[in-house]
Structures are given as structure tokens and as C-alpha cells.
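Some notes on the structure that comes next.
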Amino acid sequence: MPVDGDGRTPWEAAGGELVLVEEHTIVSWVMGSRAFGLATEESDTDRRGVYVAPTPWFWGFSRPPTHLDGPQEERFSWELERFCSLALAANPNILECLHSPLVEFTDPRGEELLSLRDAFLSREVLRTFSRYVAGQRRKLDADVRTHGAPRWKHAMHLLRLQRSCRDLLRTGRLVVEVGEAREELLGVRRGEWSWDRVAAALAELDAACEEAALTTPLPAAPDRARVADFLYRVRRDSAAALG
């Protein structure tokens, strides 16, 4: 969709890709250790957000970017459609964004997205969380073989994620704050656990997730219809705003 015949995309004419984040964000969160309750004095502040590209910007051969880094350091954002697609697929990082206790900004569309948290949850979390954990576990095993020890911060977060998955399957609720497990997990980060102990804990949590999945209150599939209706209305209202 060129603008004024100069070949630029609408977002380029508006000032560049990051205009989408700066002017069209509907919700943003603090994530990482601060959201998990595991922050220390050295912790960064990781931010994540969702923006809505104006509907007319899709009416051409060049579609708006599905995700963007910046403009601040440690900030990453997704366009709404991409975010919803990943959440419906039970992507662990995306689902945790929706349940972060640290919401920094939201507008009415962002509020509605947050109200749809449960629509994205399903029994698929067992598969997606387990697959993510397995991938990260292979990296930690490689560290142990190469360096004699894992990256302890990554080991801590792997235990945290498996605990979160276990509790989500048991209760149907995703809680990202570690609560009373904080000191134990920080002990892992400080290297106070042996790798054998971490590996045993991961195996125990994996078995607990499989057991919890047998009686989980989570539905078999996410509520795609509710999410699709929301996305349709956002796109429609954006188009109607042209007048």
C-alpha cells in the first residue's frame, strides 16, 4: 500500500516501524524475573507488549510487522493477531505475558484481551511446556558436558516453568509469581544445588505434570471463537475509525 506514490509503506510514512509500538500499543507488561518474583539487584527490567496495526495498513502487498524489538532496551512487542495465534497455540512465554501481575499500560482493547486470559488455556499446555522444557534441558546438559556445570540461572527458570505447568494443570490457573518458592529457586541460581539434584527435580516435576494432566480442569482446546470475535471487532473498529 504505497503512500503518495513514493513506494513507502504506511508505517514508513508515519515515521518507521516503531511507530506501531509507540502509538498503537494496547497493553504492556513487565516480565522476566520481576514478574516471577525472582528479581535481584542485578536484574534487568524486561518489557513485553501488544500493538494493533491500523486495519488499512493491511490493504496492500506489504503487511505490517508481526513483532518488533524496541524502542527501549529489553522491550519486545507483538502485533495483536500474531500474539493471539501464539497464545492459542499455548506458547509458554505468551501465556505468561497474559498472566503477568505487572501490567504497565492498557487501553480498553488491552483490558478486553486480558479478560480473555482463560480462553487461551487448554490441555495443550502439557505438550508445549514440556517441549520447551525438553529443548532447554538439552542446552543445560550440553553445558554440563562442556563446562562441568549448567547455567544456573537457566536451571532456576526451568524449574520455575515446570512448577508453573504442574500447578496450571492441577488448578486450571496460571500463576507466574513463585511465591514461597523464591528462596529455594534463588538457591538454585546461586549454584547451591548439584546438577544431579536439579535433574532429579525436573524428572519429578515432569511426572507430576503427566499425572495432573489426567484430571486437569482445563478444556481440551482453547476457545478460538471468543478470541476470533475479539480480533474481528478490533480490526472492524480500526477500519471504521477512518470515517
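When a residue number appears, it is its place in the shown sequence, counting from 1. As a basis for the values below, the full set of heavy atoms in this structure was taken, side chains included, without hydrogen atoms, waters or symmetry mates.
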* Given Thr55, Leu113, Leu80, the one that forms side chain to side chain contact (heavy atoms under 4.5 Å, CB included) with Val234 -> Leu80

Just wondering, more than 12 heavy atoms not from [X] lying within 6.0 Å of its [atom1]?
{"X": "Glu104", "atom1": "CD", "answer": "yes"}
{"X": "Glu204", "atom1": "CD", "answer": "no"}
{"X": "Glu73", "atom1": "CD", "answer": "no"}
{"X": "Arg127", "atom1": "CZ", "answer": "yes"}

* Run the side chain to side chain contact (heavy atoms under 4.5 Å, CB included) check on Thr9 and Ser62 step by step: do they pass? -> CA-CA 7 Å; Thr9 61; Ser62 299; 3.8 Å; yes

* Assess Arg47 against Phe76: is NZ or CZ under 6.0 Å from the centre of the six-membered ring, and within 45 degrees of the ring's axis? =>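 Cation-pi check for Arg47 and Phe76: fails.
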
* Lys NZ or Arg CZ of Arg197 over Trp193 ring: under 6.0 Å, within 45° -> yes

* Report the residue from Trp57, Trp78, Phe105 that forms a ring pair (Phe, Tyr, Trp, His ring centres under 6.0 Å) with His24. =>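 The option that passes is Trp57.
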
* Does Tyr51 have its ring centroid less than 6.0 Å away from the ring centroid of Trp11? -> no

For the [atom1] atom of [X] and the [atom2] atom of [Y], what is their distance to the nearest 0.5 Å?
{"X": "Asn93", "Y": "Leu98", "atom1": "CG", "atom2": "CG", "answer": "11.5 Å"}
{"X": "Gln162", "Y": "His157", "atom1": "CD", "atom2": "NE2", "answer": "14.5 Å"}
{"X": "Asp118", "Y": "His99", "atom1": "CG", "atom2": "NE2", "answer": "6.0 Å"}
{"X": "Asp206", "Y": "Glu211", "atom1": "CG", "atom2": "CD", "answer": "12.0 Å"}

* Asked: If you look at every heavy atom in Ser115 and Arg226, which pair is closest and at what distance?
  ->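 Of all heavy-atom pairs spanning Ser115 and Arg226, the closest is O-NH2, 3.9 Å.
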
* Structure fact -> Heavy atoms of Ala90 and Thr128 approach each other most closely as O-OG1, 2.7 Å

Can any side-chain N or O of [X] pair as donor or acceptor with the backbone N or O of [Y] at less than 3.5 Å?
{"X": "Arg123", "Y": "Leu218", "result": "yes"}
{"X": "Thr216", "Y": "Leu169", "result": "yes"}
{"X": "Arg34", "Y": "Asp44", "result": "yes"}

